[in-house]
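Let me begin by presenting the structure, written as structure tokens, before commenting on it.
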Amino acid sequence: QQQVKQSPQSLIVQKGGISIINCAYENTAFDYFPWYQQFPGKGPALLIAIRPDVSEKKEGRFTISFNKSAKQFSLHIMDSQPGDSATYFCAPIRGSSASKIIFGSGTRLSIRP
Amino acid sequence: KAGVTQTPRYLIKTRGQQVTLSCSPISGHRSVSWYQQTPGQGLQFLFEYFSETQRNKGNFPGRFSGRQFSNSRSEMNVSTLELGDSALYLCASSVDRPGQGNTIYFGEGSWLTVV
């Protein structure tokens, strides 16, 4: 019930291409679906998040697609840039307590120039 | 608005020693949580504090402890250090008020190396 499966584990995309990272979850009680971006030596930073009452949210080059029935949400990075090279975590949460966050295993994204 | 501040950023300790890490949350944030990040285990929840009380605890041995002060600043302590405690320790804070969202903001972490 707590499991979150993130894929792929690593991803190499050509500059200008589209990067897609997926997250599947089990717990239907999750009510907030963020993606975090982490650069080497830094803490994770909130990138974009969505609530389950919408199916898509776009912020600049970053889009979250949410499929409630399939219990999946994905991160799309359009026009991927070398500066997007980082590790990405999905981290669905239920309620407001940090202890209720379930982190995905992470996706190491590399953008080739 | 200042972010989550963690000190020290890097430290090296010897097996058997103890260590104390400090965290200053974002002003106005009431909840502080701690995570351990390692390449093999990913991000693992240690504990969460709210209004100076430990609200939740992850699956870590009693050597790991923490506390929160009245100004919301928090410390975590690891006693009798083991080699396997080498990790990035992350502190995160959140507003944690009903209706104000549940975004967690992370600090840059404290890198602990146990030798």
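Letters go in sequence order (proteins before strands), and every chain restarts at 1. These values consider heavy atoms only, across backbone and side chains, with no hydrogens, waters or symmetry-generated copies.
Among all heavy-atom pairs drawn from A/Gln38 and B/Leu88, the shortest one is NE2-CD2, 4.0 Å.
For a residue to count as touching a neighbouring chain, one of its non-hydrogen atoms must lie under 4.5 Å from one of that chain's; by this rule A/Pro44 touches chain B with backbone and side chain alike. When heavy atoms are compared at a cutoff of 4.5 Å, B/Ile104 approaches chain A by way of both its backbone and its side chain. Proximity to chain A is absent for every atom of B/Gln6, based on heavy atoms less than 4.5 angstrom apart. When heavy atoms are compared at a cutoff of 4.5 Å, B/Tyr35 approaches chain A solely by way of its side chain, counted from C-beta outward.
Hydrophobic clustering places A/Phe73 together with A/Phe30 (ILVMFWY residues linked when any side-chain heavy atoms are closer than 4.5 Å, directly or through intermediates). No continuous path of hydrophobic side-chain contacts links B/Leu21 to B/Val115 [ILVMFWY only; heavy atoms under 4.5 Å]. No single ILVMFWY cluster, assembled from side-chain heavy atoms under 4.5 Å apart, contains both A/Tyr25 and A/Tyr36. A single hydrophobic cluster is not seen to contain both A/Val54 and A/Ile93; linkage of ILVMFWY side chains at heavy-atom distances under 4.5 Å, directly or through other members, places them apart. Cluster annotation: B/Tyr49 and B/Met76 are assigned to the same hydrophobic cluster (Ile/Leu/Val/Met/Phe/Trp/Tyr, side-chain heavy-atom contacts under 4.5 Å, transitive).
Annotation: maximal heavy-atom pairing with chain A below 4.5 Å, among B/Leu46, B/Val4, B/Val32, B/Asn56, occurs at B/Asn56. With chain B as the partner, the residue from A/Gly41, A/Ala45, A/Ala49 showing the most heavy-atom pairs under 4.5 Å is A/Gly41.
Within 6.0 Å of atom CZ in B/Arg15, 12 or fewer heavy atoms from other residues, nucleotides or ligands are found, so the atom counts as exposed in its surroundings.
Here the CZ atom belonging to A/Phe103 is positioned 8.5 Å from the CD atom belonging to B/Gln37, to the nearest 0.5 angstrom.
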